[in-house]
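Working notes, beginning with the structure itself.
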Amino acid sequence: MSDILEVQELKKYFRVDGGSQLHAVDGVSFKIEKGQTLGVVGESGCGKSTLGRVILHLIEPSGGQIFFEGKDISNPNRSMINYVRENMQIIFQDPFSSLNPRMSVSETIMEPMIIKGGISRSDMYEKTLKLMDTVGLAQRFTNSYPHELDGGRRQRIGIARSLALDPKFIVCDEPVSALDVSIQAQILNLLLDLQEERNLSYIFITHDLSVVKYISNNILVMYLGQMVELAPSDELFENPAHPYTEALLSAIPVADIHVKHERLQMKGELTSPIDPKPGCRFMARCPYAAEKCAEPQTLQNISPDHQVSCWMKQS
Amino acid sequence: MEKTAQAGEAFLDIKDLVVEYHTDDAVIHAVNGVNLKLAKGETLGLVGETGAGKTSIARSILRILPDPPAKIMKGEIWFNGENILKLPEKKVRSIRGDKISMIFQDPMTALNPIETVGSQISEAIRLHNSISRADANKQAVQMLETVGIPGKRFTNYPLEFSGGMKQRVVIAMALACKPELLLADEPTTALDVTIQAQVLEMMRDLQKDFGASVILITHDLGIVAEMCEKVAIIYAGEVVEYGTAEDIFDHRAHPYTEGLFGSIPTIHTKTKRLNPIRGMMPDPANLPSCCRFAGRCPYTTDECTSSYPEMVECKSQPHTVRCVRARVKEGGSQ
């Protein structure tokens, strides 16, 4: 299997007041195989959305390398950017604010094709109708405006638009968190169908761990810009190694009244990602914190495809 | 007077509540004859999708429906032996925020952006207690600390808080007067799971300490499993299934409830494919006169599309279901 995307030591620092640096993404490395899904989980503010955007060059990275289909796209020139835009797309979280309220459904879906050019209007229109069909939007909505549609349908527009240029890779940034459960299930199934039909690769960013388990092959857990654990989906849920992953998993309410699980209680909230100390960033909230945690932690393999950045779990 | 005596059994008793929204071109049937009871100290979960009428039910209890366009057409809401819907506005105002308070879904819009969080909490306290500003401020600081926010942040504005912190402020405000009934409208939907776990834990503790009854509006069955003793599944403005958490989780009888469970991926079992409910909820401006779920139900028969189903009592009380299949099943086994 070939990798479609490889990211090495990717960094994004934002400068904030007083010359400090906000470490939004701090040394993230992973690979995604063609046709597979990498789930990225973590709390709000952990840098997961920034990660998705940096990979797509919607925000320029501060350091590190990105390879797409083996080509280095870390410092893209004009033609490289066009190649990136064509092949790598994004589905946004909020179907209420990510659509232009003054564009009809068909205009919205068609826009990427117009920008790319080289295709006649009638072909564009035909393709738009086909895309609407693919994502399950009835043709009677062709000339509707976003405000006339509910959240599920709006998200379908977002998906159709992201497919307009037949990309190979899509960043799904919390695509179902604004939707009702029954609609959420419909959209998740749609994303899986599209993946099968088109051999798409996804980065699936979410805070919902049950969703990520359902849709991902591998899962990356982020905490304050750093990756704390990376493992195949089942492995991560069965043998979470990092205390943060463990706490995150135990925090999920389970829809079963007979499961009474012990909760690993974390203290407090995310600390600040501005000028972080060199040690483990989870230390302040970790129930197992020890002296050695103040030293810098490195990501190490504890099994061939399971990486964790906690010295306690590394031998 | 007879009614008052009856209502004395249940601490909150909603009878045949009907809420409509009258707009220029349509009448939206948001709540259609809802009956619900709540005992003291009990937690009732209202579960359903957006637009099912959950929030309208909660807002009716506090009489804070936006009127116009909303109108309570029918029904009684008995709270501590009084019918809230018949009380003069002044009386309701003294109950609101004191005996009954509400945690709103969106902490970003529930707070006044140009007032410090501390003064907002202290205002709520002073409104219902005749105490000095200084004492109210002291209590407000205490409330902040109860919900895990350092007291020194009293003078911060909402914009200086994260979403989770803002929701804690909203909860602190709701609990400031130690209400007997807390209406929590999706209190953790906007929060991260870790913060959600903390907030739920906190709500449980506070409920224990204050002995409050809670109506918890949510779409998350995991939260229901953790928090609620009784559950009402709401669909298109009606209760379609009601029972103890055990009834709903182990012996669910309504196809819609079944569909809700089929729509959620679980972390304990490997789900290959979800079974979403097809289609969408009917337009509340144009509800069918038959079973409201008939259009999406996998078991629809002629009876479902021709007659309106009544609530059927199941074997295990107080489990009730609005579905003809339940009647057939229950009838057959009795």
Side-chain angles (χ1 to χ4, degrees), chain A residues 41-46 136 150-153 176-190 192-193 206-216 223 233-234 236-238 244 247-261 263-270 285, chain B residues 47-52 148 162-165 168 188-198 200-201 218-229 231 244-250 256 259-281 296:
Chain A
V41 291
E43 290 167 273
S44 4
C46 74
D150 61 273
R153 290 212 176 95
V176 295
S177 36
L179 308 174
D180 272 317
V181 277
S182 72
I183 309 297
Q184 177 175 318
Q186 293 174 2
I187 298 289
L188 287 175
N189 280 354
L190 170 65
L192 286 175
D193 289 340
T206 183
H207 64 272
D208 188 334
L209 288 137
S210 30
V211 167
V212 90
K213 181 181 186 203
Y214 174 62
I215 204 159
S216 313
Y223 190 79
S233 183
D234 293 340
L236 189 92
F237 278 83
E238 274 157 36
Y244 178 64
L248 206 56
L249 293 184
S250 77
I252 313 171
V254 181
D256 186 339
I257 47 167
H258 304 294
V259 178
K260 287 272 175 280
H261 56 266
R263 189 154 276 169
L264 183 68
Q265 199 74 39
M266 271 189 280
K267 295 167 271 179
E269 294 188 31
L270 284 187
R285 296 172 79 187
Chain B
V47 183
E49 290 171 86
T50 317
S162 68
M165 300 272 267
R168 284 159 191 256
T188 57
T189 305
L191 309 178
D192 279 313
V193 273
T194 56
I195 308 301
Q196 168 173 292
Q198 292 174 7
L200 292 179
E201 178 88 32
T218 182
H219 61 267
D220 187 331
L221 291 161
I223 295 178
V224 174
E226 237 172 65
M227 303 284 292
C228 303
E229 285 126 33
V231 184
T244 61
E246 204 189 352
D247 290 333
I248 302 292
F249 280 84
D250 293 347
Y256 177 64
L260 280 181
F261 278 91
S263 297
I264 46 167
T266 60
I267 56 162
H268 287 288
T269 47
K270 184 87 192 152
T271 323
K272 270 269 169 285
R273 210 57 160 181
L274 294 172
N275 284 315
I277 309 165
R278 55 195 175 136
M280 277 179 301
M281 213 161 59
R296 301 173 77 184

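Proteins get letters first, then strands, A, B, ... in listed order; numbering begins at 1 in each.
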Residue among B:L221, B:L200, B:D250 with most heavy-atom pairs under 4.5 Å to chain A: B:D250
A:D150 CG to B:M280 CE distance, which is reported to the nearest 0.5 Å: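 One gets 4.5 Å once the value is rounded to the nearest 0.5 Å.
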Interatomic spacing from CD in B:Q196 to CD in A:E43 - rounded to 0.5 Å: 11.5 Å
With B:E201 via salt bridge (Lys or Arg N to Asp or Glu O under 4.0 Å) - residues at least two apart: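 Expected list: B:R204.
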Under 3.5 Å donor-acceptor, A:D180 side chain and B:T50 backbone: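 Yes; judged by distance alone, with no hydrogens or angles, the pair exists.
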Short side-chain to backbone donor-acceptor contact, A:Y214 and B:I264, under 3.5 Å: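 Here the side-chain-to-backbone pair does not exist.
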Closest contact, heavy atoms only, [X] versus [Y]:
X: A:Q186; Y: B:G279; value: NE2-O, 3.3 Å
X: B:E226; Y: A:V254; value: OE2-N, 4.2 Å
X: A:S182; Y: B:P276; value: O-CB, 3.7 Å
X: A:P253; Y: B:D220; value: CG-OD2, 4.5 Å

Contact class of B:M281 relative to chain A, heavy atoms under 4.5 angstrom: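 Interface part for B:M281: neither.
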B:V193, part contacting chain A, at a heavy-atom distance under 4.5 Å: both
Closest-packed option against chain B by number of heavy-atom pairs under 4.5 Å, given A:D193, A:V212, A:L209: A:D193
Options A:V181, A:D256, A:V211, A:N189, ranked by heavy-atom pairs under 4.5 Å with chain B, top entry: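 Among A:V181, A:D256, A:V211, A:N189, the one with the most close pairs to chain B is A:N189.
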ring-ring contact (aromatic ring centres under 6.0 Å, His included) partners for B:F261, two or more places apart: B:F249
